[in-house]
Amino acid sequence: MCGRYVLDNEGIIAFEKFARSEEAAGLIRPRFNIAPTQQAPVIVKAEDGGTPLLRMMYWGLIPGWARDASMAAKMINARGETLAEKPSFRGPFASSRCLVPASGFYEWRKDGTRKTPFYISRRDSPAFAMAGLFSHWRSPEGESRDTFTIITTEANAALAGLHERMPVLLEPGDWLRWLGAEPAPKEELQALLRPCEPELLGLREVSPRVNSPREDDAALLAPVGLGL
DNA sequence: CCAGACGTTGTT
DNA sequence: GTCTGG
DNA sequence: CCAGACGTTGTT
DNA sequence: GTCTGG
């Protein structure tokens with residue numbers, strides 16, 4: 001699955017030419033432990049069909065029909081295999097797809113009673129885009145909130161030892177079609193929701209300090225067990 | 001018809 | 001909003 | 001994902 | 001153990 005991830009400075013730079021930001025400059029900053037319910041940058045199609053937009057949204061999708069925000073915490077992932085049918089995701093899949101920029105993500109391996117955190121990133125690139133859905137929600141009190149979820153698929157061979165699920169990583173050549181800036185039939189979009197080649201991924205054990213969502217600095221990525 | 005759910009992952 | 005279960 | 005709480009009463 | 005909050 002994907003329950004924590006990283007977007008470092010190199011990752012931000014990697015998307016600067018693909019998307020333009022309307023957010024205050026300070027909001028888009030390196031993050032080393034993005035956790036559910038926090039705000040994070042996502043990329044959506046521009047209304048005018050031009051350069052895609054990078055905007056901050058809350059992680060945890062609240063469907064437009066929800067009466068309160070209580071669904072958010074459990075809607076951090078959507079199964080790629082079933083999202084076209086689920087009431088909460090069907091609408092967003094049809095009209096509100098997004099990219100979630102990342103440098104890497106964390107997975108916890110269960111060792112008996114203990115859980116050991118690992119950091120997973122790509123060997124071929126400092127950044128990648130995860131497939132996501134977003135939703136614009138308005139509370140009964142009239143407050144607006146933009147939220148998103150990260151799509152998962154079965155884990156590939158690189159991650160099978162850690163988990164059964166992993167986030168969908170989209171190749172740059174598919175980004176515009178996923179966003180809807182280039183036309184694509186539903187079946188074609190669904191076909192993108194599969195695991196990437198295992199050779200593309202590298203992983204390493206990291207400090208248990210990542211367990212705390214409040215820990216958020218570059219030192220979290222230091223490998224452990226190498227006598228450093 | 002109305003009421004109630006609407007999700008994922010991991011663990012047993 | 002829309003589907004399922006009663 | 002992990003960390004941390006895990007309650008009731010009365011009032012609006 | 002299970003739910004909520006971040």
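Basis for what follows: all heavy atoms, side chains included, without hydrogens, waters or symmetry-related copies. Chain A is the first sequence line, chain B the second, and so forth, proteins listed ahead of strands; every chain is numbered from 1.
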Roughly, in whole Å, what's the span from [atom1] in [X] to [atom2] in [N]?
| X | N | atom1 | atom2 | answer |
| --- | --- | --- | --- | --- |
| Leu133(A) | dG7(B) | CG | P | 12 Å |
| Met166(A) | dT8(B) | CE | C1' | 16 Å |
| Glu164(A) | dT8(B) | CD | P | 15 Å |
| Ile34(A) | dC1(D) | CD1 | P | 17 Å |
| Ile120(A) | dC1(D) | CD1 | C1' | 12 Å |
| Met130(A) | dC1(D) | CE | C1' | 12 Å |
| Glu215(A) | dC1(D) | CD | C1' | 15 Å |
| Asp216(A) | dC1(D) | CG | C1' | 14 Å |

Enumerate the residue pairs fulfilling salt bridge (charged side-chain N to carboxylate O under 4.0 Å, His left out) with a member in [range], sequence neighbours excluded, ordered by first and then second residue.
| range | result |
| --- | --- |
| residues 64-80 of chain A | Arg79(A)-Glu81(A) |
| residues 87-107 of chain A | none |
| residues 190-208 of chain A | none |

Handout entry: Cluster companions of Leu221(A) among Ile, Leu, Val, Met, Phe, Trp, Tyr (side-chain spacing under 4.5 Å)
Key =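 Listed partners: Val6(A), Phe32(A), Tyr106(A), Trp108(A), Tyr119(A), Val206(A), Val210(A), Leu220(A).
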
Any side-chain N or O of [X] less than 4.0 Å from the OP1 or OP2 oxygen of [N]?
| X | N | result |
| --- | --- | --- |
| Arg79(A) | dT9(B) | yes |
| Ser212(A) | dC1(D) | no |
| Thr152(A) | dT9(B) | yes |

Exercise for the section: Measure across Arg165(A) and Gly80(A) and return the closest heavy-atom pair with its distance rounded to 0.1 Å. Expected result: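 The answer is NH2-N, 4.4 Å.
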
For [X], check side chain to side chain donor-acceptor pair (under 3.5 Å) against everything at least two apart and list the hits.
| X | result |
| --- | --- |
| Thr147(A) | none |
| Ser103(A) | Asp8(A) |
| Glu188(A) | Arg177(A) |
| Ser139(A) | Glu141(A) |

How far does the [atom1] atom of [N] sit from the matching atom of [M], given to the nearest Å?
| N | M | atom1 | value |
| --- | --- | --- | --- |
| dG6(E) | dG7(B) | P | 24 Å |
| dT2(E) | dT9(D) | P | 25 Å |
| dA5(B) | dC3(E) | P | 13 Å |

Handout entry: Tyr5(A): partners by ring-ring contact (aromatic ring centres under 6.0 Å, His included), with sequence neighbours left out
Key =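 Residues passing ring-ring contact (aromatic ring centres under 6.0 Å, His included) with Tyr5(A): Trp59(A).
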
Pick out the pairs of N or O atoms, protein on one side and nucleotides 2-6 of chain E on the other, that lie under 3.5 Å.
| unit_1 | atom_1 | unit_2 | atom_2 | d |
| --- | --- | --- | --- | --- |
| dG6(E) | N9 | Thr37(A) | OG1 | 3.2 |
| dG6(E) | N7 | Thr37(A) | OG1 | 3.1 |
| dG6(E) | N2 | Arg4(A) | NH2 | 3.4 |

Practice task
Could you check whether Tyr5(A) gets within reach of a base, just the sugar-phosphate, or nothing at all, counting any heavy atom under 4.0 Å?
Solution key: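 No contact.
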
Exercise for the section: Could you check whether Thr113(A) gets within reach of a base, just the sugar-phosphate, or nothing at all, counting any heavy atom under 4.0 Å? Expected result: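 Since no nucleic acid heavy atom lies under 4.0 Å of Thr113(A), the category is nothing.
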
Fill in the blank from the handout: Note, DNA chain B 5' to 3' with Watson-Crick or G-U pairs under 3.5 Å encoded as ( ), [ ], | and . gives ||||||......

Practice task
Taking the six-membered ring for Trp and the full ring for Phe, Tyr or His, determine whether the centres of Tyr58(A) and Trp137(A) are under 6.0 Å apart.
Solution key: no

Practice task
May I ask you to check whether Asp111(A) and Thr116(A) show a side-chain donor-acceptor distance below 3.5 Å?
Solution key: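 Asp111(A) vs Thr116(A): donor-acceptor pair found between side chains.
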
What nitrogen or oxygen pairs link the protein and nucleotides 2-6 of chain B at under 3.5 Å?
| unit_1 | atom_1 | unit_2 | atom_2 | d |
| --- | --- | --- | --- | --- |
| dC6(B) | O3' | Ser88(A) | OG | 3.2 |

